[in-house]
Every structure is written in C-alpha cells, then in structure tokens.
Amino acid sequence: MGKLSRDFYDRDTVQTARALLGKYLVRRWHGLWLAGRITETEAYVGAVDKACHAYGGRRTPRTETLYAPPGTAYIYLIYGMYHCLNFVTEPAGTPSAVLLRGLEAAEGAEFLARNRFGKALAELTPYQKKNFLNGPGKVCRALDLTRAQNGLDLTGDELFLWDAGEAPPADIHVGKRIGIDYAEEAVDFPWRFYL
DNA sequence: TTCAGGATGTACT
DNA sequence: GTACATCCTGAAC
C-alpha cells in the first residue's frame, strides 16, 4: 500500500512490466485526481531490443529521457498526433522502460471521458466505453499527458504509481508486442503483459 | 464484426 | 524523403 518507490523501477524491466499490472497510475490534474488501474504493459530493453528507441546505446534529444534514473516518465509523440507514456527502469544510463498500453478508469472518470471524447461519461456510446483506455495513445489523451510531462519524476506528487494493496492479479496473459514489425528478431519477444 | 486508408509532426537518413 | 511503440472513420460483410 502506497506510492511505488524508486526501488520498484530499479530492476529488470520485464519483471517490472509484469509487476505493474493491477497497480494504479495517479495524475494530479488541475487540482483534482485522475487515476486508472493498469491492465496492459510492454517492456523495452535498450541493450538487446531493436524495438527500443535507444537500442544499441542510441542517444538523441528524444531518447535522452530513457537514460534518466529509474522512476522517470518518458513521453514521446508518435504518428504525429498521439503520445505514449513509459516508466523508465533499471539504473541511470541503462536505457530501458515499460510502455503503458492500457488502463481501467478508477478516479475522475468524468474528466477522463471529457479529455478523451469531449463529452460526459453518461453520453458515451457502448463502443466508446469498450474502447475507453485500451491503447497507449488513448491513455495519454484521457490523462492530458504530452511531452510537457516528459522527464517527470514518478516519485513526486504530480504523476506517480500507487499500490492499493490488492492481491497480485491471478491471470496474467503474456504475448508479443504490438506495432513493432520492423524490429526483426525482437518482434517475437514475449514482453507484453495484460489482464 | 473486420479491414483499408488517412491524419499529422518529429526524428532520423 | 521515409518511417513511426496509433487511432478513427467508413465501407463491406
């Protein structure tokens, strides 16, 4: 029970990705709380993973955040219009992170719906409810996360992860990662975890 | 229900 | 100029 400390992120990335399922992402937003339960993650390990932006020690302005200390938010723009939120793992200088792919609304659902669809929760169609937060771009849209939050310290008070003290999820699914067809042998790494 | 195509900007070649 | 850790829409089934 409590905010996840830096130690939580300072270890093997694949283990961290798995351990994040069932934890809560919490965001302080305009004086109120937005939160969701994590349902889907993927691991990206720079040292061995061609799908990772920092594969082979690649260092550019964009990837610089991946080299930050564990427990840092890495947020980047993808396809010109969506953002993806990652949690930096492993010691500083080891470019690895966990991509957040899915949430279940927990706190501030009314505001999440407004950010995501521009209308009230009660007005969402069944299709919109079903596809509320089941993708990385959707999560960032609902939580109003952009590159302005890139580099945020996840042990701070603005954006952090919370262990609600729930029993570990019983039924964790494992699979290949999504949208990385270019990554050669890394395409098949079983580094996607979901409930 | 699945599927093709387009939107859109930044990073990198 | 090309590719990209995506999502939405509209058409076909």
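Naming convention: chains lettered A, B, ... in sequence-line order (proteins, then strands); numbering from 1 in each chain.
- For A:R59, the salt bridge (charged side-chain N to carboxylate O under 4.0 Å, His left out) partners are A:E64, not counting sequence neighbours.
- Test A:L152, A:N86, A:L85, A:T146 against A:I75 for side-chain contact (heavy atoms from CB on, under 4.5 Å) and you get one pass: A:L85.
- To the nearest 0.5 Å, atom SG of residue A:C52 and atom CG of residue A:L66 are 5.5 Å apart.
- For A:R11 and A:Y9, the positive end is not near the middle of the six-membered ring at less than 6.0 Å and at most 45° from its axis.
- Neither side chain, A:Y44 nor A:H53, offers a donor N or O lying under 3.5 Å from an acceptor on the other.
- Put simply, CZ on A:R141 is 13 Å from C1' on B:dA7, counting in whole angstrom units.
- Nearest-nucleotide positions on DNA chain C place A:I180 closer to the 5' end than the other of A:Y127 and A:I180.
- At the heavy-atom level, A:K130 lies under 4.0 Å from the strands shown only through sugar-phosphate atoms.
- Pairing each heavy atom of A:A51 with each of A:A186, the nearest pair is N-CB, 4.3 Å.
- Salt bridge absent: A:R177 and A:E42 never bring a charged side-chain N and a carboxylate O closer than 4.0 Å.
- Here the separation of C:dA5 from B:dC3, taken at their P atoms, is 23 Å to the nearest Å.
- Side-chain contact of A:T155 with A:R6: a donor-acceptor pair under 3.5 Å is present, judged by distance alone.
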In dot-bracket notation, what is the pairing pattern of DNA chain B, taking Watson-Crick (N1-N3 plus N6-O4 or O6-N4) and G-U wobble (N1-O2 and O6-N3) contacts under 3.5 Å, with [ ] crossing and | for other strands? |||||||.||||.

Protein and nucleotides 11-13 of chain B: nitrogen or oxygen contacts under 3.5 angstrom:
{"unit_1": "B:dC12", "atom_1": "OP1", "unit_2": "A:T60", "atom_2": "OG1", "d": "2.4"}
{"unit_1": "B:dC12", "atom_1": "OP2", "unit_2": "A:T60", "atom_2": "OG1", "d": "3.4"}
{"unit_1": "B:dC12", "atom_1": "O3'", "unit_2": "A:R58", "atom_2": "NH2", "d": "2.9"}
{"unit_1": "B:dT13", "atom_1": "OP1", "unit_2": "A:R58", "atom_2": "NH2", "d": "3.4"}

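- Taking the side chain to side chain contact (heavy atoms under 4.5 Å, CB included) definition, one finds that A:R18 meets it with A:I172, A:V174, A:F193, sequence neighbours left out.
- Summarising the local packing, CZ of A:F111 is surrounded by 12 or fewer heavy atoms from other residues, nucleotides or ligands at distances under 6.0 Å.
- Interface residues of residues 181-195 of chain A facing DNA chain B, ordered by number: none; criterion, heavy-atom separation under 4.0 Å.
- A heavy atom lying under 4.0 Å from DNA chain B marks the following residues of residues 71-104 of chain A, by number: A:L77, A:Y79, A:G80, A:M81.
- Taking CG of A:L143 as the reference point, atom CG of A:L25 lies at 5.5 Å (rounded to 0.5 Å).
- Because its NZ or CZ atom is not both nearer than 6.0 Å to the ring centre of A:W33 and within 45° of the ring axis, A:R27 does not count as a cation-pi partner of that residue.
- Atom pair A:N131:CG and C:dT6:C1' shows a separation of 13 Å (rounding to whole Å applied).
- Across all non-hydrogen atoms, the minimal contact from A:D10 to A:E90 is OD1-C, 3.8 Å.
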